[in-house]
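Each remark here refers to the structure printed beneath this line.
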Amino acid sequence: MISENIYKSFGIDERVVELVKKSELKVKYRFESIDEIAEYNTLKVVKAMQDCGVSEACMLETTGYGYNDVGRDRLEEVYAKIFGTEDALVRSQIVCGTHALATALFGNTRPGDEIYSPVGIPYDTLQQVLGISGDGRGSLKEYGVSFRYTDLLPDGGFDYDGIRASINDKTRLVEIQRSRGYADRRSFSVDEIGELISFVRSIKKDVIIMIDNCYGEYTELIEPSQVGADMVVGSLIKNPGGGIAPVGGYIAGTHDCVENAAYRLTGPGLGKELGPSLGNNRLLYQGTFLAPQVTAAAEKAAVLLSEVFETLGFRVNPHLDEIRHDIIESITLGDPAKVISFCKGIQKAAAVDSFAAPEPAPMPGYDSDIIMAAGCFISGSSIELSADGPLREPYNVFFQGGLSYAHGKLGILMAVQQLLEDGLITL
């Protein structure tokens with residue numbers, strides 16, 4: 001391998017290089033299907049940009065109110081076309097995925113309504129939005145919106161009997177989290193989500209169905225919005241921003257759902273008319289263009305990680321032969337020291353802040369200490385090489401991102417090397 005010599009400059013043991021080299025040979029058959037999906041989605045993005053008449057003028061900035069921001073409005077048309085929806089809200093003013101989800105939920109529910117999750121309890125930060133953890137201040141619960149959920153079956157499937165029994169007259173919105181968050185479960189395919197949507201509609205036809213699409217964009221040929229969802233919601237510093245978008249989130253869906261969310265983001269009567277691009281349009285367009293290829297690179301790194309750590313004797317999710325529906329790979333390390341060591345190795349592979357040593361610490365929105373390794377060009381960008389996890393049993397670590405496969409592979413090498421140096425694994 002041409003790169004073997006340069007791996008020595010990172011202090012990587014030859015045994016680690018050999019382990020990853022052998023694993024890479026085993027996994028390459030999986031790369032062809034990932035590349036095919038990336039090619040299709042790249043062309044879908046290009047076609048959307050062409051059909052919407054994206055021009056150089058769309059890259060110009062606006063300030064203040066942002067009235068008549070052609071680039072912003074055209075980008076939202078592009079997103080609606082990519083996701084197969086009536087409308088979209090794509091804004092730099094949405095600061096993270098949780099903010100996008102909160103905007104969609106607050107905008108589309110009213111006091112007395114109930115939000116229901118048929119896939120178990122949502123991700124940690126959304127729990128505080130709902131008011132089921134934290135002090136409840138500013139939460140949906142404080143505004144009179146209740147929450148109910150049904151756990152998944154032991155095999156990870158949907159509890160259809162439980163779902164039927166739970167949906168009631170108050171159920172206004174059904175929230176489905178596509179990816180696993182910090183839960184020890186698999187992610188859902190678009191086909192599975194489509195089946196679940198059909199079942200929910202058979203119980204209550206007019207319920208709003210919202211998908212937390214974070215980490216899942218562009219991993220399949222279609223999105224959940226194309227199998228009956230009223231809204232799909234995500235962050236631009238994950239898959240759809242391609243590692244270029246400096247900030248932002250999106251909500252794509254029906255006209256009514258998007259307009260309701262826009263009124264929540266800005267104000268009643270203002271909606272989508274306000275919101276300056278502040279010079280971000282070019283970055284958002286370029287990130288959208290690159291997103292399918294960047295997502296594919298992250299998926300390939302995740303595939304390699306699964307084989308390497310299963311070879312080392314750890315439980316991984318998903319396994320090599322399982323079809324992926326997001327970019328995340330989780331490893332059950334079973335020991336907090338191993339979680340910390342793994343994250344330190346990932347940090348050492350970063351191009352930014354490689355000298356930093358991540359440590360577990362309290363973080364807003366979480367009920368346990370979190371460790372995060374992320375030397376990123378965009379702060380908090382989890383489409384870039386990163387790893388994180390809560391310091392709680394069973395001590396899972398969640399690996400995602402990598403703007404290129406080569407960088408994702410380096411992260412894996414450095415994580416194994418750190419575990420080896422800390423005496424936590426043997427080769």
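- Under a 3.5 Å cut-off, the side chain of E114 and the backbone N or O of L173 do not form any donor-acceptor pair.
- Using a distance-only test at 3.5 Å, with no hydrogens or angles considered, a donor-acceptor pair links the side chain of R72 to the main chain of G275.
- Between atom CD1 of residue I340 and atom CG of residue L333 there is a gap of 11.0 Å, rounded to the nearest 0.5 Å.
- No side-chain donor-acceptor contact under 3.5 Å links Q417 to the backbone of V16.
- T266 places a side-chain N or O within 3.5 Å of a backbone atom of G271 that can act as its donor or acceptor partner.
- Side-chain contact between D212 and P122 is absent, with no heavy-atom pair separated by less than 4.5 Å.
- Between the CD1 atom in I378 and the CD1 atom in I244 there is a gap of 7.5 Å [rounded to 0.5 Å].
- Using a 30° and 60° split on the angle between ring planes, Y67 and Y65 fall in the tilted class, from 30° to 60°.
- Under a cut-off of 6.0 angstrom, the local environment of NZ in K44 is crowded, with over 12 non-hydrogen atoms contributed by other residues, nucleotides or ligands.
- Under the 3.5 Å distance criterion, the side-chain polar atoms of S354 are left unmatched by any main-chain donor or acceptor of A349.
- The shortest heavy-atom contact between L385 and G408 is CD1-CA, 4.2 Å.
- Taking CG of L424 as the reference point, atom CG of L312 lies at 12.0 Å (rounded to 0.5 Å).
- The two atoms that bring G181 and F398 nearest to each other are O-CE2, 3.4 Å, heavy atoms only.
- Y215 and S382 form a side-chain donor-acceptor contact under 3.5 Å, judged by distance and modelled atom types alone.
- Contact check on R137 versus E142 returns no salt bridge, with no Lys/Arg side-chain nitrogen under 4.0 Å from an Asp/Glu carboxylate oxygen.
- Residues R315 and D184 are paired through a salt bridge, judged by an N-O separation under 4.0 Å between the basic side chain and the carboxylate.
- One N or O on the side chain of Q347 and one on the backbone of A374 form a donor-acceptor pair closer than 3.5 Å.
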The test is side-chain contact (heavy atoms from CB on, under 4.5 Å); show your working for F188 and V119 and say whether it passes. CA-CA 10 Å; F188 302 121; V119 297; 3.6 Å; yes
Taking it one step at a time, do L105 and L126 satisfy side-chain contact (heavy atoms from CB on, under 4.5 Å)? CA-CA 10 Å; L105 290 171; L126 194 59; 3.9 Å; yes
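- By the neighbour-count criterion of 12 heavy atoms within 6.0 Å, atom CZ of R282 is sparsely surrounded, having that number or fewer from other residues, nucleotides or ligands.
- With 3.5 Å as the limit, one finds no donor-acceptor pair spanning the side chains of Q127 and Y123.
- To the nearest 0.5 Å, the span separating CG on L236 from OG1 on T288 amounts to 7.0 Å.
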Determine, step by step, whether Y285 and N280 satisfy the side chain to side chain donor-acceptor pair (under 3.5 Å) criterion, reporting the C-alpha distance in whole Å, the side-chain angles of both residues, the deciding distance to 0.1 Å, and the verdict. CA-CA 9 Å; Y285 277 106; N280 287 327; over 6 Å; no
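- S146 places none of its side-chain heavy atoms less than 4.5 Å from the side chain of I115.
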Using side chain to side chain donor-acceptor pair (under 3.5 Å), reason through T150 and Y116 one step at a time and then give a plain yes or no. CA-CA 8 Å; T150 298; Y116 171 65; 2.6 Å; yes
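- Residue T103 holds its OG1 atom at 5.5 Å from CG of L265, rounded to the nearest 0.5 Å.
- Ion pairing of K22 with E307 is absent here, as no side-chain N (NZ or NE/NH1/NH2) approaches a carboxylate O to less than 4.0 Å.
- Counting only N and O atoms by type, the side chains of S139 and Q128 include no donor and acceptor under 3.5 Å apart.
- Between D13 and R15, at least one side-chain nitrogen of the basic residue sits less than 4.0 Å from a carboxylate oxygen of the acidic one, meeting the salt-bridge criterion.
- The distance from atom CZ of F377 to atom CG of D353, rounded to the nearest 0.5 Å, is 10.5 Å.
- No donor-acceptor contact under 3.5 angstrom links the side chains of D35 and Y40, judged on distance only.
- A donor-acceptor pair under 3.5 Å is absent between the side-chain atoms of N317 and the main chain of S330, judged by distance alone.
- For CD of E322, the number of neighbouring non-hydrogen atoms (other residues, nucleotides, ligands) closer than 6.0 Å is greater than 12.
- The pair D422-K338 fails the salt-bridge criterion, with no side-chain N (NZ, NE, NH1 or NH2) lying under 4.0 Å from an Asp/Glu carboxylate O.
- Classification of D326 and R180 as a salt-bridged pair holds, one side-chain N sitting under 4.0 Å from a carboxylate O.
- Contact record, A245 with I237: O-CG2, 3.7 Å, taken as the closest heavy-atom pair.
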Applying side-chain contact (heavy atoms from CB on, under 4.5 Å), run through L284 and S92 and close with a yes or a no. CA-CA 9 Å; L284 301 190; S92 299; 4.0 Å; yes
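- A salt bridge links E223 and R178; the closest N-O separation between the charged side-chain nitrogens and carboxylate oxygens is under 4.0 Å.
- In this structure, the side chain of H99 engages the main chain of V95 through a donor-acceptor pair within 3.5 Å.
- Between A301 and G401, the shortest heavy-atom distance links the atoms CB-O, 4.3 Å.
- Side-chain atoms of S386 and Q400 include a donor-acceptor pair closer than 3.5 Å.
- Figure legend: R264 and F106 shown as a cation-pi pair, the cationic atom lying under 6.0 angstrom from the six-membered ring centre and within 45 degrees of its axis.
- Not a single donor-acceptor pair under 3.5 Å links the side chain of R186 to the backbone N or O of H325.
- K272 places a side-chain N or O within donor-acceptor distance of the main-chain N or O of A88, the cut-off being under 3.5 Å.
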Walk me through it: do S277 and D69 pass the test side chain to side chain donor-acceptor pair (under 3.5 Å)? CA-CA 7 Å; S277 59; D69 189 326; 2.9 Å; yes
Test log, rule salt bridge (Lys or Arg N to Asp or Glu O under 4.0 Å), inputs E24 and K409: CA-CA 9 Å; E24 192 172 37; K409 180 179 173 181; 2.9 Å; yes
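- Residues D159 and D151 form no side-chain contact, since every pair of their non-hydrogen atoms from C-beta on lies 4.5 Å or further apart.
- In this structure, L403 and G242 approach most closely via the heavy-atom pair CD2-O, 4.3 Å.
- A salt bridge links E329 with R324; the closest basic N to acidic carboxylate O contact falls under 4.0 Å.
- Using a 30° and 60° split on the angle between ring planes, F399 and F342 fall in the perpendicular class, above 60°.
- A heavy-atom distance below 4.5 Å is found between the side chains of R172 and I208.
- Checking each of I6, L410, V416 against I12 for a side chain to side chain contact (heavy atoms under 4.5 Å, CB included) leaves exactly one that passes, namely L410.
- Note on ring orientation: taking the six-membered ring where Trp is involved, the planes of F31 and Y405 are perpendicular (angle over 60°, cut-offs 30° and 60°).
- At a threshold of 4.5 Å between non-hydrogen side-chain atoms, the residues E61 and T63 count as touching.
- Heavy atoms from other residues, nucleotides or ligands lying under 6.0 Å from CZ of F289 number 12 at most.
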Begin from the C-alpha positions of T254 and E86 and carry the test side chain to side chain donor-acceptor pair (under 3.5 Å) through to its verdict. CA-CA 5 Å; T254 65; E86 295 175 355; 4.9 Å; no
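- Counting all heavy atoms, side chain and backbone alike, I176 lies closest to I197 at CD1-CG1, 4.3 Å.
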